[in-house]
Asker: 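Sharing a structure, written as structure tokens. Questions coming.
These figures come from a predicted structure and were not determined experimentally. Each ligand, and each atom within it, is numbered from 1 in the order the structure gives.
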Amino acid sequence: MKTDRMVPLMSTASSPVRYLLHDGELIEYADAKMHVLSTSMKYGVGVFEGFRAYWSEEDGELYAFRVQDHMRRLLDSMRVVEIAGPADIDVLSDQLLGLVRANELRANLHMRAQVFVDSPDGKPDDTGPATVYMAAIPMGNYFGATGLDVQISSWARLSDRAMPPRIKSIANYQNGRLALLEARRNGYGAALLLTESGHVAEGAGYNVFMVRQGRLCTPPSTESILEGITRDSVLQLAATELGLDVDLRPIDRTELYSADEIFVCGSAAEVNHVTSVDRTPIGDGSAAGPITSQLQDLYQQAVRGRIEKYRDWVIPVYGAATR
Ligand SMILES: Cc1ncc(COP(=O)(O)O)c(C=O)c1O
């Protein structure tokens, strides 16, 4: 990464941060451009990651959450959609953290790594040249704290026979976008999608869990879901910190209507409770239920490195952490 550019830190009205990263080099926010005839622009060929970092005032430290696991999934995404791109998880992780430091960010962040195919005259079977952009931008609570009223979408979640739902291919996101637009049009805050065979899959950018008859349940990774890193974190926290066995099993739509608790989870969404499904109230219809609240709390501790067992999930970005 270029570090010899001694330009003052600032952002403009149109750019929330000064720098982005392009193939490991710092660039000005406004200079991140691609040709309209590139493969990615013409055919939606691209993969990405979205991750978080959390600022702790108490520690004077910024903690980046499960960066290497995200980079591992980025490589997996490239493999599945056949993009010949960078392959070193450590190099990619260091580049992202270097970008955060270059922007001197000390706030809760959302970070992205995006790999595009940038050939000048894009063909559908191009697998390169790959080009990598990274961003780190301040972001607080994405959904607020009041919970989500969700609609079961009339759009089915894309299936593994059509597209690869388990990875973060940019083209997949048209599916969740349509569901979200439909939900908003109908006066809901968020959408959940069913599989082609009518089982609960996930939402537009988050996995889903329910508590029913005292059991915590979530769809298995073969139910057209993205293999979420927050989902995996929740599964581990539920088992080790709360002693809960989680049922990984197909979930019917009508089970959601009679669930005691429902929550969604994702890097941007964090752990966020659902207050209603198709206007059927969940729990008391406003507050998070007891298991959801405990998992929300554990997750917020884990992302700040406060749970010793999961300390290796976080990287102290500035190296100031004393714990
Ligand atoms: C479709 C979809 N499902 C689930 C998730 C949650 O995944 P993660 O927890 O890895 O962010 C995301 C967000 O990245 C997503 O886009």
Asker: Check whether any heavy atom of G176 sits under 4.0 Å from an atom of ligand 1.
Answerer: no
Asker: Is there a heavy atom in Y173 that sits closer than 4.0 Å to ligand 1?
Answerer: yes
Asker: Find all atoms of ligand 1 within a distance of less than 4.0 Å from any non-hydrogen atom belonging to G228, and give their numbers and elements.
Answerer: 7 (O), 8 (P), 9 (O), 10 (O)
Asker: Looking only at atom types and distance, does a side-chain atom of T127 sit under 3.5 Å from a main-chain N or O of I83, one as donor and one as acceptor?
Answerer: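 Such a contact is absent between T127 side chain and I83 backbone.
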Asker: Hey, is R73 touching ligand 1 through its side chain, its backbone, both or neither, going by heavy atoms under 4.0 Å?
Answerer: side chain
Asker: Do I170 and F116 come within less than 4.5 Å of each other through their side chains, counting heavy atoms only?
Answerer: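 Touching, per the 4.5 Å side-chain cut-off.
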Asker: Identify, for atom 14 (O) of ligand 1, the protein heavy atom at the shortest distance, and state residue, atom and that distance.
Answerer: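 I find the closest protein heavy atom is K168 NZ, 2.4 Å.
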Asker: For atom 1 (C) of ligand 1, what's the nearest protein heavy-atom neighbour? Residue, atom name and distance, please.
Answerer: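 Checking every protein heavy atom, the shortest distance to atom 1 (C) of ligand 1 gives E202 OE2, 3.4 Å.
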Asker: Compare every heavy atom of P165 with every heavy atom of R157, then report the nearest pair and how far apart it is.
Answerer: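 Shortest heavy-atom contact: NH2-O, 3.4 Å.
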Asker: Checking a contact table here: which protein heavy atom is nearest atom 9 (O) of ligand 1, and how many Å away?
Answerer: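 Its nearest protein heavy-atom neighbour is T230 OG1, 2.6 Å.
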Asker: Give the numbers and elements of all ligand 1 atoms closer than 4.0 Å to a heavy atom of S267.
Answerer: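 So the answer, numbered in order with elements, is 8 (P), 9 (O), 11 (O).
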Asker: Under a heavy-atom criterion of less than 4.0 Å, does E49 contact ligand 1?
Answerer: no
Asker: Counting C-beta onward and ignoring hydrogens, is there a side-chain heavy-atom pair between H70 and S267 closer than 4.5 Å?
Answerer: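 The answer is yes; the side chains approach within 4.5 Å.
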Asker: Please say which of F65, Y54, Y299 ends up in a ring-ring contact (aromatic ring centres under 6.0 Å, His included) with W313.
Answerer: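 Answer after filtering F65, Y54, Y299: F65.
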Asker: Identify the protein heavy atom lying closest to atom 5 (C) of ligand 1, giving its residue, its atom name and the separation to 0.1 Å.
Answerer: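 Going atom by atom, the protein heavy atom closest to atom 5 (C) of ligand 1 ends up being L226 CD2, 3.4 Å.
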Asker: Do R73 and L226 come within less than 4.5 Å of each other through their side chains, counting heavy atoms only?
Answerer: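 They are in side-chain contact.
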Asker: Is there a side-chain contact between Y188 and S276, using heavy atoms and a 4.5 Å cut-off?
Answerer: no
Asker: Can you check whether I229 has an N/O within less than 3.5 Å of an N/O in ligand 1?
Answerer: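 Min N/O separation from ligand 1 is below 3.5 Å for I229.
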Asker: Just wondering, do V264 and N207 contact through their side chains at under 4.5 Å, heavy atoms?
Answerer: no
